[in-house]
> 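Provided herewith is a single structure, encoded as structure tokens, for subsequent inquiry.
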Amino acid sequence: MPKVALTREVSASIANCELTHLSRVEIDVVVARAQHAAYERALADAGYRVERLPSSDDMPDSVFVEDIAIVADELAVITNPGAASRRAEIPLVADALGRYRPLAAIENPGTVDGGDVLRVGSKFFVGVSTRTNRDGIDQLRRLLAPRGYTVEAVVVANCLHLKSAVTAASDELLVVNPEWVPADAFDGTETIAVDPREPMAANVLRLADRLIVASAYPRTAERLAAHGFQVVAVDASELAKAEGAVTCCSLILET
Ligand code: CIR
């Protein structure tokens, strides 16, 4: 099955990114771009054809392409990002995804960031956050329920997105920071906790046969490896200053 990873260039204006929980520190665009290229190489090594979209100065957060769409097997839903500054990112992502899936869209007053949307098999868990509201979640449910998916809201506190607090290592195992989201909020799916010294480590990118993790969190990576996962670490430290993690930087299509 051909596999595609949609990514997007690090904007020259990333210094103007949205920040919610972090204080602004200098971001080195050259380093951020080099780390991003290494991330793309990790995707290519895993057998994905990387399709990188261009950016521009009016979209500081464009590299975090995950927030702009939700990819299901039968359709892609273009989001209405909760931060108005990010809406300029929509048209090109919609163009690119439209080549792979029929498109639908979340509309005002609903807002959804893709970082709040966690798919586990036929279940979608969606964070109620500063970016994603109940109206957006209801719209998503109306789009996905007829295709056999369930959509369940989970309240997120103390972190940006649901997937800051929990991601799926597989359909049977979630990686969770229990300080930020209750580990029992996911329909009984088994969970593994991050190492308490690595609160940001719950964001892992699940690929067909491996997990991409940030190299800053070796203890949690060790826990995952002990569960039998092939774990590939990438340095994502520069984009972490913009509150991005490893899932944020791609939209994965198992076409
Ligand atoms: C933002 O606040 O929108 C960006 N600075 C970071 C977005 C990270 N995206 C994600 O976790 N899915």
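Order of listing sets the numbers, starting from 1, for every ligand and every atom in it.
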> Looking only at non-hydrogen atoms, find the nearest pair between A169 and L224 and report the distance.
CB-CD2, 4.2 Å

> Which atoms from ligand 1 have a heavy atom of E66 less than 4.0 Å away?
10 (C), 12 (N)

> Between K241 and E26, is there a salt bridge with N-O shorter than 4.0 Å?
no

> Taking distance alone, with no angle check, do H161 and ligand 1 share an N/O pair under 3.5 Å?
yes

> With a 4.0 Å cut-off on heavy atoms, does K163 reach ligand 1?
no

> For ligand 1, which atoms sit closer than 4.0 Å to a heavy atom of D61?
4 (C), 5 (N)

> Give me the one residue out of S55, S56, S62 that meets side chain to side chain donor-acceptor pair (under 3.5 Å) with D58.
S56

> Considering only protein heavy atoms, which is closest to atom 8 (C) of ligand 1, and at what distance to one decimal place?
E243 O, 3.3 Å

> For atom 9 (N) of ligand 1, which candidate among L239, D67, V246 holds the nearest heavy atom?
D67

> Taking only heavy atoms of C248 into account, list the atoms of ligand 1 that are under 4.0 Å away from them.
8 (C), 9 (N), 10 (C), 11 (O), 12 (N)

> So which atom in E179 and which in N177 form the shortest heavy-atom distance, rounded to 0.1 Å?
N-OD1, 2.8 Å

> Got a salt bridge between R86 and E18, using NZ or NE/NH1/NH2 to carboxylate O under 4.0 Å?
no

> Taking R33 first and then E9, would you say they form a salt bridge - that is, a charged N and a carboxylate O separated by under 4.0 Å?
yes

> Determine, using heavy atoms of T20 and all atoms of ligand 1, whether some pair is separated by less than 4.0 Å.
no

> Is the backbone of V204 close enough, under 3.5 Å, to the side chain of T167 for a donor and an acceptor to pair up by distance?
yes

> Does ligand 1 come near enough to R131 that some N or O of the ligand is less than 3.5 Å from an N or O of the residue?
yes

> Just to check, does A242 reach to within less than 4.0 Å of ligand 1 when the distance is taken from its heavy atoms?
yes

